Amino acid sequence: MADRRKIAPVLLVLGAGLAVVAGFRTTYSTVYRGYGPEVTISSTLWTTTSDPSDGPAAQPAQYAAGWPVVISALVVVAAVVLMTRERTAVAGRPLAVGGAGALAGVVFSYLSQVWRLEDLVQQLPPDSGLTYELNYLSGMHLLVAAAIIALAGAALAQRGPQSVQPREEVVVHQLGADDDTPPFGIAIPDEREAR
Amino acid sequence: MTTRRVFGAVLVFVAAGLAVAASFLNAYAVQVTVGGRVLRFEATSWAVERDDFRGALMLVPIEFGEPAVGAALVMALSAVLAFRVPAMRVGSLLGAGLLAGVAWSAVGSVRSTVTKLQEIDSPVTVAVEQGDGITLLVVAAGVAVVSAVLHQELPKPARTGQTADGVVIHQLDDEPDDTDTPPYGYPVVVEPKDG
């Protein structure tokens with residue numbers, strides 16, 4: 001049990017940290033060929049950059065999920081801080097689940113939006129001579145890993161079945177042998193009736 | 001199961017239902033008025049409902065249907081299972097966290113669509129409105145968080161005071177009958193000495 005209690009905060013902090021780091025890495029890129037020079041558009045959770053660029057260096061990302069990821073990560077870290085003290089751990093453990101859940105929700109939303117984009121890219125007519133390619137990059141892998149690690153940490157942080165057991169207050173020992181005295185004693189045969 | 005927790009469980013179901021319903025309502029709408037004609041784009045989280053622009057604006061639905069339904073499933077399942085396995089209660093928090101993350105992402109996507117369309121230099125005004133789907137999703141996330149907290153087992157500080165009293169009476173039978181020994185025993189019959 002002691003191991004589990006120690007692993008959970010480590011996993012939670014690791015997941016939160018990874019998520020924030022992942023937000024600044026490239027999550028996916030789309031490559032457009034056939035318009036002349038090949039154009040690669042790369043996105044992080046915060047910005048979109050185009051290579052070669054034809055305007056400002058970085059624009060706000062199409063699916064900006066930077067702040068939601070950072071805030072969820074902060075909630076997870078706050079939960080870990082609360083869990084370090086036994087008095088506040090009661091609030092910390094549920095908060096860890098909520099924070100990890102929010103992080104997973106944001107990542108899931110982000111992922112499904114990129115899936116939708118991938119679908120859209122593939123539906124374009126193939127005979128036009130234009131090709132589109134969508135690549136998932138390290139940021140996306142890190143994000144998904146961070147969400148899973150945080151969820152695992154939150155699950156481990158919960159109280160195990162062992163600590164719940166003391167709730168059983170009454171213990172009745174019954175030996176079950178034939179020579180036990182029955183609970184209400186052995187009836188004394190009334191001799192007057194036997195006659 | 002206290003009344004509060006049953007109420008919490010019912011609210012969890014309500015929130016899950018709201019989340020699923022929200023995914024089928026309009027997520028956002030774009031409206032352009034050109035010379036008295038109204039062109040409109042409407043999309044739920046699953047599909048484009050109406051597109052008078054025939055794809056010219058490259059608008060896509062905000063993909064939150066799958067994550068929202070996923071979160072709703074987690075919430076509903078944990079509420080059902082929590083009646084059997086109390087430890088599953090924490091699942092409703094996970095679902096609420098997921099839903100909050102999804103709702104936040106969806107709101108962020110609408111906001112970014114609004115700013116993106118405002119940047120377009122066009123002679124006609126482009127109006128973007130947030131649909132009922134997003135509003136309902138945010139409401140569902142709020143209800144989910146409140147219900148998940150209600151659903152949890154809160155610490156009872158009063159309990160330690162009770163056990164400190166010293167005397168605890170265990171009653172094994174649900175319905176005591178006349179054959180039970182009274183809790184403080186039978187009075188001992190003392191025979192008078194000068195008999």
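Just the heavy atoms: all of them, side chains too, but no hydrogens, waters or symmetry mates, feed the values below. Letters A, B, ... are given to chains in the order of the sequence lines, protein chains preceding strands, and every chain is numbered from 1. Given the structure is predicted, the values throughout are model-derived calculations rather than measurements.
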Identify the two heavy atoms, one from A:Arg116 and one from B:Ser45, that lie closest to each other, and give their separation to 0.1 Å.
NH2-O, 4.2 Å

Does CZ belonging to A:Arg25 count more than 12 external heavy atoms closer than 6.0 Å?
no

Looking at every heavy atom in both B:Leu93 and A:Pro94, which two are closest together, and how far apart are they?
CD1-CB, 3.1 Å

Given the rule that I, L, V, M, F, W and Y join up when any side-chain heavy atoms are under 4.5 Å apart, are A:Ile148 and A:Leu103 in one cluster?
yes

Which region of A:Leu111, side chain (C-beta onward) or backbone (N, CA, C, O), has a non-hydrogen atom less than 4.5 Å from a non-hydrogen atom of chain B, or is it both or neither?
neither

Between B:Leu98 and B:Met88, is there a shared hydrophobic cluster once you connect ILVMFWY residues whose side-chain heavy atoms come closer than 4.5 Å?
no

Compare every heavy atom of A:Trp67 with every heavy atom of B:Trp104, then report the nearest pair and how far apart it is.
CH2-O, 4.0 Å

Heavy-atom closest contact (B:Leu94 atom, A:Leu151 atom, distance)
CD1-CD2, 3.4 Å

Do A:Val114 and A:Phe108 sit in the same hydrophobic cluster, where Ile, Leu, Val, Met, Phe, Trp and Tyr count as joined when their side-chain heavy atoms come under 4.5 Å apart?
yes

To the nearest 0.5 Å, what is the distance between OG (A:Ser109) and CG (B:Leu99)?
9.5 Å

What about A:Val80 and A:Leu14, same hydrophobic cluster or not, with Ile/Leu/Val/Met/Phe/Trp/Tyr joined at side-chain heavy-atom distances under 4.5 Å?
no

Least distance between heavy atoms, A:Gln113 atom then B:Ser109 atom:
NE2-OG, 2.9 Å

A:Val70-A:Tyr110 co-clustered via ILVMFWY side chain contacts under 4.5 Å
yes

